[in-house]
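Notes for the one structure printed next.
What you see is a predicted model, and the numbers here were worked out from it, not measured in a lab.
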Amino acid sequence: YLERDVRQVVQVKSLRDFDRFLRLAASRTGQLLTLNSFAGELGLSPNTIKSWLSVLEASNVILFLEPFYRNLGKRIVKSPKLYFLDTGLACFLSGIRTREALSTSSMLRPLFETLVLGQMIRALANSGRRASIYFYRDHQGHEVDFLIPVGDKLKLFECKWSESVSREQKGFEVIEKAAGSKSIISRSVVTPLRGRRTLKAAGVLVRDCADFQDL
């Protein structure tokens, strides 16, 4: 599909250039989108990269996650983040073929974040709800992976490839300070460990990456 149908839609003249583009896009899942960086690495124009990305988005191969900055101040990063919706495809295009290769790859954490986003989107779709998910990042480096607005309030989610979770979650604290504690419905840290538990002192729910029935 990617090498034939998509290539035909965007009228790709060089399959090699398009293949390099796909592999670069996959390697940047979970990262901020910078068209000029894409273009510079591939030797193509930003408009070409934008056109190719738009077709992948329309085909549900990738998703652009927009930043959330309502009532959270003005020093917010406003570029979207790029995610592949199929982690298997992202691994294949990135040259990851085995579990062992993934476990030692620098892409392990962004791929886990990508998996969590896909699980959230599917859980919302299965309940008949539109996937209104955002991320937060400011210019000081404070970040929360995912936010789901519910009216004027927020549900916060952070992904951690670890079975031990710190009680201090700086991103949560920054958003709570900016939006007000009454605006935060829940704070969740998603890990690969099965089951739920609560960090009582911090009021943080730790959940696994298959546990999104209550979004």
Side-chain angles (χ1 to χ4, degrees), residues 2 20-42 49-50 52-54 56-57 59-69 76-97 99 101-125 131-148 155-163 165-166 169-172 174-175 187-193 206-212 215:
L2 291 173
R20 290 172 58 229
F21 157 76
L22 288 174
R23 295 180 187 279
L24 180 60
S27 72
R28 293 192 176 182
T29 187
Q31 298 183 29
L32 292 174
L33 173 65
T34 308
L35 288 177
N36 288 335
S37 176
F38 258 91
E41 288 198 38
L42 296 173
I49 301 300
K50 185 176 181 180
W52 290 358
L53 287 172
S54 68
L56 294 186
E57 182 185 23
S59 304
N60 289 318
V61 174
I62 64 172
L63 178 143
F64 293 124
L65 199 68
E66 298 295 333
F68 185 89
Y69 49 88
I76 308 299
V77 172
K78 295 185 179 181
S79 298
K81 292 174 75 173
L82 182 154
Y83 288 92
F84 261 68
L85 291 178
D86 185 330
T87 51
L89 178 60
C91 284
F92 176 81
L93 290 171
S94 301
I96 300 172
R97 300 289 190 271
R99 179 183 299 181
L102 176 61
S103 67
T104 58
S105 171
S106 60
M107 288 187 63
L108 176 60
R109 286 171 176 78
L111 280 167
F112 178 64
E113 184 180 319
T114 300
L115 169 69
V116 171
L117 177 61
Q119 293 286 75
M120 294 172 71
I121 290 172
R122 286 183 283 273
L124 289 169
S132 297
I133 306 174
Y134 302 86
F135 76 95
Y136 172 87
R137 180 184 291 182
D138 64 22
H139 290 288
Q140 283 71 47
H142 304 126
E143 182 176 7
V144 172
D145 291 328
F146 307 122
L147 295 82
I148 296 181
K155 293 182 178 180
L156 310 179
F157 299 85
E158 184 71 13
C159 302
K160 297 291 184 184
W161 183 260
S162 173
E163 295 184 358
V165 177
S166 171
Q169 298 294 326
K170 187 63 177 179
F172 291 170
V174 169
I175 289 185
R187 307 164 186 80
S188 299
V189 176
V190 186
T191 76
L193 185 67
V206 181
R207 64 168 83 207
D208 69 63
C209 57
D211 180 15
F212 292 110
L215 285 181

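Among all heavy-atom pairs drawn from Ala90 and Ala26, the shortest one is O-CB, 3.8 Å. The shortest heavy-atom contact between Ala25 and Phe38 is CA-CZ, 3.7 Å. When all heavy atoms of Leu85 and Leu63 are compared, the pair lying nearest together is CD2-CB, 3.9 Å. Residues Phe172 and Ser188 share a closest heavy-atom pair of CZ-O, 3.5 Å.
Remark: side-chain polar atoms of Arg23 are paired, donor with acceptor, to backbone N or O of Leu93 under 3.5 angstrom.
When side chains are defined from C-beta on, Tyr83 does not count as touching Pro110, because their heavy atoms never get closer than 4.5 Å. Between Phe135 and Ile133, the closest side-chain pair of non-hydrogen atoms is not below 4.5 Å. For the pair Arg207 and Phe157, the minimum side-chain heavy-atom distance is below 4.5 Å. Annotation: side chain of Leu82 is in contact with side chain of Leu53 (closest heavy-atom distance under 4.5 Å). For the pair Leu111 and Leu108, the minimum side-chain heavy-atom distance is 4.5 Å or more. Side-chain contact between Asn36 and Ile49: absent, with no pair of heavy atoms (C-beta onward) separated by less than 4.5 Å. No side-chain heavy atom of Ser79 sits less than 4.5 Å from a side-chain heavy atom of Leu33. With a 4.5 Å cut-off on side-chain heavy atoms, Leu89 and Phe84 count as touching.
Under the salt bridge (Lys or Arg N to Asp or Glu O under 4.0 Å) criterion, Arg109 pairs with no residue at all, not counting sequence neighbours. Every ring pair (Phe, Tyr, Trp, His ring centres under 6.0 Å) that Tyr134 has, sequence neighbours left out, goes to Phe68. Every salt bridge (Lys or Arg N to Asp or Glu O under 4.0 Å) that Arg20 has, sequence neighbours left out, goes to Asp17. Take Glu41 and apply the salt bridge (Lys or Arg N to Asp or Glu O under 4.0 Å) test, not counting sequence neighbours, and it matches Arg28. Residues satisfying the salt bridge (Lys or Arg N to Asp or Glu O under 4.0 Å) test with Asp145, not counting sequence neighbours, are none.
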What pairs of donor and acceptor atoms, side-chain ones from residues 115-122 against any protein atom, are under 3.5 angstrom apart with sequence neighbours left out?
unit_1	atom_1	unit_2	atom_2	d
Gln119	OE1	Arg122	NH2	3.3
Gln119	NE2	Cys209	O	3.2
Arg122	NE	Gly118	O	3.4

Determine, step by step, whether Phe112 and Lys160 satisfy the side chain to side chain contact (heavy atoms under 4.5 Å, CB included) criterion, reporting the C-alpha distance in whole Å, the side-chain angles of both residues, the deciding distance to 0.1 Å, and the verdict. CA-CA 8 Å; Phe112 178 64; Lys160 297 291 184 184; 5.9 Å; no
Please step through side chain to side chain contact (heavy atoms under 4.5 Å, CB included) for the pair Arg137 and Val144, ending with a clear verdict. CA-CA 7 Å; Arg137 180 184 291 182; Val144 172; over 6 Å; no
Audit row: Leu42, Leu24, side chain to side chain contact (heavy atoms under 4.5 Å, CB included) steps and yes/no: CA-CA 9 Å; Leu42 296 173; Leu24 180 60; 3.8 Å; yes
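Side-chain N/O atoms of Thr29 and Thr114 include a donor and acceptor closer than 3.5 Å.
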